[in-house]
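Notes for the one structure printed next.
Read the numbers this way: they start at 1 and go in the same order the structure lists the ligands and their atoms.
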Amino acid sequence: MRIAKFTRLGFILAASGSAVGLGNIWKFPYITGEYGGGAFVFVYLITIAFIGITILIAEMLIGYLGEANSVTSFEKLAPKNKKVWKYAGFMAFTGLMILTFYSVVIGWIFNYIFKSFSLPSNIEMAESEFNIFLSTDITTQLAFHTIVFLIIISIVVKGIKAGIEKLNLYLMPILTFILIGIFLYSLNLDGFSKSLEFMFNFNFEKLNSQAILVAVGHAFFTISLGMAAIMTYSASIAKHTNIFRTSLVIVLVDTLIALIAGLALFAFLFEFGSEPSKGPGLVFISLPAIFSEFGIFGNILALSFFISLAFAGLTSAVSLLEPSVQYFIDRFKHSRLKATLLSGGIFYIIGIIALLANTKNFGGNLTFGSKNFFDWIDFITTAFLLPLGGILMAIFVGYIIQKDRVKSLLEPQMGSLIFNIWLFSLRYIVPIALSFVVLNELGVISLNF
Ligand code: PFF
């Protein structure tokens with residue numbers, strides 16, 4: 001039983017804070033750019049609506065009923081085979097893996113907050129600055145990774161209420177306010193109509209199997225599904241919270257912020273004739289160069305943009321750490337301080353390896369096959385572990401937990417029609433769709449069109 005619980009608003013902010021992150025503002029625009037725009041956005045939206053919401057409700061339910069860390073929750077709720085099901089709870093450690101590269105990227109953002117005052121005057125300069133920073137400037141990257149690590153652990157060590165809820169209470173409104181401001185400004189740019197067309201012109205010729213798999217993986221990543229972050233938060237949810245309604249709010253906030261960020265970014269990009277397919281460097285290369293066109297106002301734009309990006313990153317980062325911290329506290333009776341240092345230490349050290357993988361001196365030794373260590377972690381977690389976590393949760397809630405328990409809680413909130421559709425989706429659509437994704441990543445089947 002958790003003692004400190006979120007307030008209702010606190011939970012919505014914290015869960016939305018987990019969902020809204022680098023995935024929305026950094027990753028979503030660049031993968032949309034790479035996979036050709038509208039058709040990709042379409043698949044992403046469909047996945048969110050049909051798979052994302054379904055799993056989000058299931059994940060919240062496990063946390064709400066289990067009232068514990070993820071391993072204990074699975075163990076408690078499984079009517080039999082408890083010893084087997086508890087292993088599903090180890091999805092809590094996927095968060096630590098994500099956090100390794102996530103913290104490094106937040107570090108880059110911190111660096112760019114300072115660089116907002118001296119923007120590169122064109123894309124070539126911006127590109128070479130970014131590449132030099134990544135491939136040679138180990139000291140600065142390490143310093144910022146360390147600062148990010150210290151911030152994250154200093155929040156998580158204070159616990160759910162005084163740490164995580166409070167952080168989100170301040171940062172979420174500020175970051176939303178900044179993004180809406182930038183979005184409103186972008187409405188005045190000529191590039192805005194091109195941006196609208198790019199994101200919502202559903203040209204299916206551009207769609208291929210790879211794009212679909214990336215969209216599904218990203219839908220998980222962006223709503224923070226499949227690694228027990230939302231589950232762990234839900235263990236501290238106020239009783240009688242409406243899970244269904246809350247899940248819709250979280251998804252709505254997350255999707256709106258991704259769309260707003262994407263539309264604004266592409267409006268700036270198209271205004272100055274830049275390419276949308278710049279990859280991970282999109283916000284670090286194209287954007288600073290474009291902002292420099294606006295003179296001093298551009299510096300302010302860059303500063304506020306990177307601050308909002310950093311805030312989005314931090315509110316997600318704490319949710320990536322909390323599941324394993326909670327696990328160490330509950331299962332090993334560690335103090336919160338010890339548990340936080342232990343979990344934090346793991347991601348901090350592996351994060352350094354991820355950081356070095358992008359550098360000139362160490363990159364060669366940290367490249368395995370087609371990807372370096374940094375990209376492998378991103379790929380394995382997003383494309384494989386998160387969907388796998390989704391399958392486990394769908395099967396667990398759809399087939400294993402007593403149906404009466406699920407039904408008596410959710411049916412009054414959803415109405416019986418929606419409840420039945422949800423259950424159908426959870427039992428059949430989600431496991432089948434996600435199995436395709438996972439089997440394809442493992443090379444067992446090959447989706448290719
Ligand atoms: N949802 C976050 C983002 O979009 O950046 C990332 C994330 C946070 C993924 C927490 C998974 C998670 F459990």
Side-chain angles (χ1 to χ4, degrees), residues 13-32 44 47-48 52 55-56 59-60 62-63 69-70 89-106 108-109 148 152 155-156 164 167-168 171-172 175-176 179 214-235 247 250-262 280 283 308-327 343 347 377-390 392-393:
L13 285 176
S16 311
S18 168
V20 174
L22 305 184
N24 302 60
I25 311 170
W26 166 64
K27 214 168 172 191
F28 175 66
Y30 90 70
I31 52 179
T32 301
Y44 162 80
T47 314
I48 298 264
I55 304 243
L56 177 58
E59 180 160 351
M60 285 178 71
I62 301 174
N69 71 87
S70 51
F90 283 102
M91 65 177 76
F93 286 88
T94 306
L96 282 191
M97 285 180 69
I98 296 179
L99 203 41
T100 59
F101 70 87
Y102 211 81
S103 165
V104 173
V105 179
I106 302 177
W108 299 347
I109 297 165
V148 173
I152 297 172
I155 303 290
V156 171
I164 294 175
L167 176 85
N168 282 285
L171 300 199
M172 279 306 281
L175 90 89
T176 311
L179 284 178
V214 172
V216 174
H218 186 66
F220 265 76
F221 187 83
T222 192
I223 328 183
S224 303
L225 295 177
M227 51 132 291
I230 300 283
M231 188 189 298
T232 305
Y233 278 5
S234 301
S247 73
I250 297 167
V251 168
L252 196 69
V253 172
D254 186 72
T255 310
L256 282 180
I257 296 221
L259 294 179
I260 284 179
V283 305
S308 71
L309 193 50
F311 283 5
L314 288 174
T315 53
S316 298
V318 292
S319 79
L320 289 162
L321 187 60
E322 178 65 16
S324 52
V325 169
Q326 205 57 258
Y327 167 77
S343 287
F347 94 75
I377 300 188
D378 182 5
F379 176 76
I380 292 173
T381 49
T382 311
F384 177 63
L385 289 178
L386 296 184
L388 183 66
L392 289 174
M393 287 190 286

So the atoms of ligand 1 within less than 4.0 Å of a heavy atom of L320 turn out to be 8 (C), 10 (C), 11 (C), 12 (C), 13 (F)
Going by the order shown, which atoms of ligand 1 are within less than 4.0 Å of some heavy atom of N24?
-> 4 (O)
Minimum-distance pair of heavy atoms, taken over all atoms of N24 and A19 = OD1-O, 3.1 Å
Any idea which atoms of ligand 1 are less than 4.0 Å away from a heavy-atom of T222?
-> 1 (N), 4 (O)
the protein heavy atom lying closest to atom 13 (F) of ligand 1 turns out to be M227 SD, 2.7 Å
Step-by-step side chain to side chain contact (heavy atoms under 4.5 Å, CB included) determination, M231 to M60 | CA-CA 5 Å; M231 188 189 298; M60 285 178 71; over 6 Å; no
If we number the atoms of ligand 1 from 1 as shown, the ones under 4.0 Å from a heavy atom of S18 are 1 (N), 2 (C), 8 (C), 10 (C)
Any side-chain heavy-atom pair of T100 and L96 under 4.5 Å = no
Taking only heavy atoms of A229, which atoms of ligand 1 are found under 4.0 Å from at least one of them?
-> 13 (F)
Output yes when the distance from some N or O of ligand 1 to some N or O of G23 is under 3.5 Å, and no in every other case.
-> yes
Below 4.0 Å from any atom of ligand 1, is there a heavy atom belonging to Y102?
-> yes
Stepwise side chain to side chain contact (heavy atoms under 4.5 Å, CB included) check, T381 with F221 | CA-CA 9 Å; T381 49; F221 187 83; 5.7 Å; no
Residue among L225, T94, I223 satisfying side-chain contact (heavy atoms from CB on, under 4.5 Å) with L386 | T94
To the nearest 0.1 Å, how far is atom 1 (N) of ligand 1 from its closest protein heavy atom, and which atom is that?
-> F221 O, 2.7 Å
Quick look: S224 vs ligand 1, heavy-atom contacts under 4.0 Å, and the answer is both
What is the minimum heavy-atom distance between I230 and S224, and which atoms define it?
-> CG1-O, 3.6 Å
Report yes or no: does G95 have a heavy atom closer than 4.0 Å to ligand 1?
-> no
L385 side chain near M227 side chain, heavy-atom distance below 4.5 Å | no
What's the shortest distance from atom 4 (O) of ligand 1 to any protein heavy atom, and which residue and atom give it?
-> A19 O, 3.0 Å
Check whether any N or O atom of L22, backbone or side chain, sits under 3.5 Å from an N or O atom of ligand 1, and answer yes or no.
-> yes
Any idea which heavy atoms bring V318 and T315 closest together, and the distance?
-> CG2-O, 3.3 Å
Does the ring center of F90 lie less than 6.0 Å from the ring center of Y327?
-> yes
